[in-house]
Each structure stands twice: as C-alpha cells, then as structure tokens.
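Structure first, then comments.
Residue numbers begin at 1 in each chain, while the letters A, B, ... track the order of the sequences. Keep in mind it's a predicted model, so treat the numbers as computed, not measured.
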There are 2 protein chains.
Amino acid sequence: MATGASSRPPRPAVLPEPARKRYHHGDLRGALVRAAEELLEEVGPDRLTLREAARRAGVSHAAPAHHFRDLTGLLSEVAASGFEGLAGAIASSAAAAHAAGEDELSATGRAYFAFALAHPGLFQLMFRSQVIDMSAPRLDAASSAAFAAFADAARASGEVGDEAGGDPLARMATLVRNWAMVHGLAFLAIDGRLAGMLPDGATLAALTEAILAPAPAKTPAGV
Amino acid sequence: MATGASSRPPRPAVLPEPARKRYHHGDLRGALVRAAEELLEEVGPDRLTLREAARRAGVSHAAPAHHFRDLTGLLSEVAASGFEGLAGAIASSAAAAHAAGEDELSATGRAYFAFALAHPGLFQLMFRSQVIDMSAPRLDAASSAAFAAFADAARASGEVGDEAGGDPLARMATLVRNWAMVHGLAFLAIDGRLAGMLPDGATLAALTEAILAPAPAKTPAGV
DNA sequence: GGAAGTATCTTGACAATGTCAGGATAAGCA
DNA sequence: TGCTTATCCTGACATTGTCAAGATACTTCC
C-alpha cells in the first residue's frame, strides 16, 4: 500500500518516551509491576484494577495475561518485590545499628515500621493472603527472607537467647511477640487507628517513637 | 378473581421459615447484616458481594439500597456490630479476671485474640478503613467503646500507672504497645503467617499462649 | 371503611471489571 | 527466505455496584 520502505506504520522518528507506540512493549512485565505499585499507593489494594494497570502501561486490557496468569499473579509478583525490599531494609538497618553499637532489634523494628508507613498500600497487600498466592516461589522465598532477617537481628541483639537453656518455644514466643507488636503498630497506624488516641498535643511520630525507642524487652527498672 | 377473603396472593397457610414469600420481608435490614456476616466467614471481606447478600436474604439485588446507602453502608453496619461484640468480650473477660484475682490486661489480650480467631473475616473487615466508613456514628461509637474497654482493663491491671508521675505519652505508649502486640498477633495468625514458624512439633495454640500468657510487661526476673 | 401517602421491593439498565477465545503483528530461527 | 513462537489486540461473556422507574404493601388520616 504505502511506501515500500521497511517501516510499515508511520513511526515518528523521535520517541519522547522509551518506545511509545510499537506493537511490542519491550518490558511490559516490569511496566505492569510499576503501574500496580503506583496504583497501590494511590488507591490502595482494594481499588487496584488489572485494567487500569494495563491502561497505565499503555496496553490493551488483555495484554497482562501473557505475563501474569491473572490479577493474583500480578499482585503476588508485586508483593514479592515488596518483601524483598522489606528484607533489605531490615538487614541494612540491623547492620547500621550493629556498627553504631545500638540495639539491633529496636533498629529493625523501626525499619519495619518505617517501611510500612512509606508504602502503606504495598504493605497491606503483602499481608492479604486471600488476594495473593503465598505458594508462588518468589513470594514464598521473599517473605521467608524478610522474617529471617528479623530473626537474625533479634538473635544479634541478645533478645532471643539462643546460647543455652531457653526452650525453643519460649524463644520463638519472644521473637514473635516483638514481630507482632511492630506489625500491629504498623497496621494500626496505616489504618488511621492511632490518630484518635494522641494525648493532648502529641504527634503520631512521638507516640510511635515512644513505643519503638526502648528495646521492647524486660529490663529491671532503673539502669 | 379468587376468593373474596382479605389475603390476595395464595399465601400458604403454614410458613416453614419466618415469612417466606411475601413482598415485604419484615426484617430485611437484619437479614442482610446476618447474610453479610455469613459471607464474611465463608469467603472473606474481599469476595463479599452485595448481590450475594441480597440473594441469601431472598430479595432482589436492588433491595438493599432501601436500607443501606451502598455496600460501604452495609459493611459499616456489620463492622459496628462486630466492635460491639468485641467490646463486650473484652469487658466481660476483664470482669472475670478481676473476680478470679488474675491479671486483667492479660485476660483482655486473650479475649481480643480469641475474638479475632473466632471471626476472622469480620475482624479483618473491622480494620479496613477503605471499605467501611469510620465516621458512621454507630461504628465510631462502637470502636471507641472497644478501645475504652481495653484501656480500662489496662488501668485496672496496674499496667498503665495512672496514679501519678508518668507522663501521658509514656502511659499511652505502654497501652498502645500492648494493644498493637495483640492486634498484630491476631492479624498474623488469621493470615496464616505463624504456621511456618512453629518449633518442631509445637502447635499454634501453644505458641500464642506462650506469647499471651504472661502479662506482656516488665517484671524483674524471678517472682 | 376507604383513599392518599409512604415505605418497601422489583425489574431493567448502565458502566466497569476479570477472564477467555480468536485473530493480528512482530521477533527469532531454520 | 519461510516457519514458529512470543507478544499484543479486538471482541465477547458473566458478574458486580449503582441508578431510575414502576409495582406492591403498609400506615395514616378523613
């Protein structure tokens, strides 16, 4: 029909964004994950939509099916990368605390909380097993790694005495208690449940800092 | 047409269930709330559907609109009654502990956790502000009452020293720390996050009991 | 008692969603 | 070059929440 040149559609010579209108996206998988992460923070996990993610990636509504089995597949991938980020944040905060001679467990708790507050929608998604597929290999590995990083920090801080004596159940109880406290605090803060209980003119940051600052352990009064 | 009696439609003399096929349901509002509670436990808050609730109540898909503004309205009502139940469970467990000379805070923590495990879907809904309307009067009042019951128990147990000295922020921090721990533990348990970290052959009940049993406070070792 | 008014429920429609089937296009490989 | 495969699109379907308009039953007022 048109010219005999090799380029069939009138492709513009200059592409403003990395590959604009070509049939093959190039990195649709990554673009969908990024779009989903955006949506997660803009509208939350409840209003996130596969079609809107496709729209933002500049692609038809059925295109994602070639990269993810379904919506659960995409969300599981996003959650997996979220857990990887969380594991990294925990590990690096523990290392920094160790270098500074501070308590590792307290530092990782603050890192955990900060991560949740920085990515509320993603954090909520990461703990919504009915929407993601926890048996997905990468997600399973990433979530395990995140908890392992937390457990390592607890061991390093001496909070979970692993040298002798203490039976495994009691040690695990101490570990999980710390985890649950930080996790619950993050969830309550994200959901806006702490706003209503700030004494007089106290800020939310002050309250959470007062909760997280001291090693949440048992220390004989004084000292 | 038919007989001249007052009953127009051929209404069966015996109604197997309380009012079967009449145009006006009688208690559609309550029936919808019950149907939603059922669905909450069967499929969870993510797959709960307004149309399915209407179906279970034996009513058309648009009928709920005359009793609840929209899906959020129905869910807010369900969440409100959930908080009322939670507040009751907390208060009664605290009273029982007081009578038995046990620690009130520990008892309420176990009651909180037990409530969450007994009604997982409802509990998740109660802490999903993007799906319910926290400004709904009844919901707002009920959630405040639940927290107030928890705070009362903490005060009674002496965990939150309200007599003198301690500044309000520190007292609130202790209170919220206890709440967050129990809340996080409940969420993690419901989401199946604790199953993977049971030492050898320990059961989940044993682990959670080990976490909740001692007053999660600072007690000088011994005694 | 009967008529008017209101609360309650139904039917039908709309846009939006997730998913599937089948066709079009581009890339890779022989 | 021609074939195969990966990638993407169009179109369709059932389902959802919500709205509009009509049908039905209850209430109230004369």
Please tell me which of the listed nucleotides, D:dC9, D:dA12, D:dT18, lies nearest to the side chain of A:R51? D:dA12
Just compare D:dG17, C:dT19, D:dT10 and give me whichever is closest to any side-chain atom of B:L71. D:dG17
Within the pair A:T49 and C:dA16, is there a side-chain N or O less than 4.0 Å away from OP1 or OP2? no
Take atom CG of B:L32 and atom C1' of C:dT8, then tell me their distance rounded to the nearest Å. 12 Å
B:L50 has an atom CG; how far is it from atom P of D:dG17, in whole Å? 5 Å
Identify, between B:H61 and B:R29, the residue whose nearest nucleotide on DNA chain C lies closer to the 5' end. B:R29
Is it true that B:R193 and A:S129 share a donor-acceptor pair across their side chains at a distance under 3.5 Å? yes
With a 4.0 Å cut-off on heavy atoms, is B:A62 in touch with a base, just the backbone sugar-phosphate, or nothing at all? base
Rounded to whole Å, CG of A:L48 lies from C1' of C:dA16 at a distance of 15 Å
Are the side chain of B:E37 and the backbone N or O of B:L122 linked by a donor-acceptor pair below 3.5 Å? no
Could you state the atom-to-atom distance from CG of B:L28 to P of C:dC9 in whole Å? 5 Å
Does A:R55 have a side-chain nitrogen or oxygen under 4.0 Å from the phosphate oxygens OP1 or OP2 of C:dT17? yes
Rounded to the nearest angstrom, tell me the gap between atom CZ in B:F68 and atom P in C:dC9. 11 Å
For B:H67 and C:dA7, is the shortest distance between a side-chain N/O and OP1 or OP2 below 4.0 Å? no
Nearest-Å distance for atom pair NE2/C1', residues B:H66 and C:dT11: 11 Å
Without swapping roles, check the side chain of A:T108 against the backbone of A:F150 for a donor-acceptor pair under 3.5 Å. no
Rounded to whole Å, CG of B:D70 lies from P of C:dA15 at a distance of 20 Å
Atom CG of B:D27 to atom P of C:dT8: distance rounded to whole Å? 11 Å
Classify the ring geometry between B:Y112 and B:H183 as parallel (under 30°), tilted (30 to 60°) or perpendicular (over 60°). perpendicular
Mind telling me whether A:F83 and A:F127 have parallel, tilted or perpendicular rings, with 30° and 60° as the class edges? perpendicular
